[in-house]
Amino acid sequence: GVQDGSGDDLSGPEGRRGREADGKHGRNDEPYHDPKRLRLHAPGASRKEPRREAEENLLRGFLLATYVATGRIPPMTARHGLPGPVLRFAAECLRLARVRASDTDHDLRGLAVQLHNNIAPLRKRAALTRQWRRRLGPLRSRCDLIDEVRRLLEIGEAKVLRVPIGVDEGRAPQGPAIIEFEETGTLCFWRPPLRRTVAIKPFARRRIMQIAEGLDTLNASERRARERREAKSKKCRAARRTENDPPDIVHL
């Protein structure tokens, strides 16, 4: 057998157990790790707003690595009863990082699915924004007003309107907007008091409006979610003030 300088046999069962006990090497001279003592170095679980920011950033990294390794875009959403391999791997990493789903719930696979579904609107917005800029590239390079309306729609400060055939234009909107006139086949980029109308082929115009309406829908959803958070926060602050107020003293 193999012996060290002291003449002890290192190839037998006793020698292997001795080496594994030292934590040096396991079978086939590979580093020996105890799964119960394995720890993952990762940011701590976040408790402040935005909630779960560190965990979401970790999951974004996994999704990006999956795309780079496989060349396939991961699904936009996931089901709680059937998480994919990426989410199962993410749940295991969250467990090693000692992340808790909640004070009473320890279902980290459910947490991974929830985080994946939470970042779905951000992924959808990023994809729509890339398409939106690519479609308007030739136009916004020639006109600063078109580029300005494009930017305002991305941040949720411009509207998307349609004027069907046979309908009067009516009054101009109060704020920035992109308006499609179906009768004339044109798009109007409006920012009071300036406007720029361009004629675009039907297919390209239809695709531009589809992307613009997708961004407008995401903007509306984010506004509603923000309003709900603000209302909930205001309600919680009012409840805390009520608890901290001293009780009324009644003199008899």
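Values reported hereafter were calculated over all heavy atoms of this structure, with side chains retained and with hydrogens, waters and symmetry mates removed.
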Pairing residues for T197 by the side chain to side chain donor-acceptor pair (under 3.5 Å) criterion, not counting sequence neighbours: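 Listed in chain order: nothing, the list is empty.
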Any residue meeting salt bridge (Lys or Arg N to Asp or Glu O under 4.0 Å) with [X], in chain and number order, not counting sequence neighbours:
| X | value |
| --- | --- |
| R135 | none |
| E213 | R162 |
| R130 | none |
| R140 | D147 |

Tell me which pairs pass side-chain hydrogen bond (donor to acceptor under 3.5 Å, both in side chains) where either residue lies in residues 76-87, with sequence neighbours left out. none
Strictly by side-chain hydrogen bond (donor to acceptor under 3.5 Å, both in side chains), give each pair with a member in residues 198-209 just once, sequence neighbours left out.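 side-chain hydrogen bond (donor to acceptor under 3.5 Å, both in side chains) check on residues 198-209 returns Q131-R207, E180-R205, R207-Q210.
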Atom pair CZ/CD of R150 and E148 - distance to nearest 0.5 Å: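 Interatomic distance, R150 CZ to E148 CD, rounded to 0.5 Å: 8.5 Å.
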Please indicate whether D144 has more than 12 foreign heavy atoms, meaning atoms of other residues, nucleotides or ligands, lying under 6.0 Å from its CG. no
Hydrophobic cluster of L152, others only, ordered by chain and residue number, side-chain cut-off 4.5 Å: I155
Starting from L194, walk the hydrophobic network (Ile, Leu, Val, Met, Phe, Trp, Tyr; side-chain heavy atoms closer than 4.5 Å) and list everyone else you reach, by chain and number. L128, W132, L136, L139, L145, I146, V149, L153, V160, I178, L187, F189, V198, I200, I208, M209, I211, L215, L218
If you apply the rule side chain to side chain contact (heavy atoms under 4.5 Å, CB included), what do you find for R223 with N219, and how did you get there? CA-CA 6 Å; R223 281 195 298 269; N219 293 334; 3.8 Å; yes
Could you check if a side-chain atom of [X] sits within less than 4.5 angstrom of a side-chain atom of [Y], using non-hydrogen atoms only?
| X | Y | value |
| --- | --- | --- |
| L161 | P173 | yes |
| R60 | I119 | yes |
| N117 | M76 | no |
| E154 | R133 | yes |
| C188 | F181 | yes |
| L115 | L87 | no |
| L59 | E55 | no |

List the residues meeting ring-ring contact (aromatic ring centres under 6.0 Å, His included) with F89, not counting sequence neighbours, and say none if there are none. F62
Mind checking what makes side chain to side chain contact (heavy atoms under 4.5 Å, CB included) contact with I73, not counting sequence neighbours?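 Side chain to side chain contact (heavy atoms under 4.5 Å, CB included) check on I73 returns Y67, R123.
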Sequence neighbours left out, what passes side chain to side chain contact (heavy atoms under 4.5 Å, CB included) with A225? Give chain and number order.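 Checked A225 against side chain to side chain contact (heavy atoms under 4.5 Å, CB included); matches are R228, R229.
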Check: H116 side chain, L63 main-chain N or O, donor-acceptor pair, under 3.5 Å: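 The answer is no, because no donor-acceptor pair under 3.5 Å joins these two groups.
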Check for a donor-acceptor pair, side chain of R142 on one end and backbone N or O of P138 on the other, with a separation under 3.5 Å.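 Pair found, side chain donor or acceptor close to backbone of P138.
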Would you check, one step at a time, whether the test salt bridge (charged side-chain N to carboxylate O under 4.0 Å, His left out) holds for R95 with E92? CA-CA 5 Å; R95 185 188 68 80; E92 181 64 17; 2.4 Å; yes
How far apart are the C-alpha atoms of S233 and R237, what are their side-chain angles, what is the distance that settles it, and do they pass the side-chain hydrogen bond (donor to acceptor under 3.5 Å, both in side chains) test? CA-CA 6 Å; S233 178; R237 287 196 299 269; 2.8 Å; yes
Residue pair P192 / P176: nearest heavy atoms and the distance that separates them: CD-N, 4.0 Å
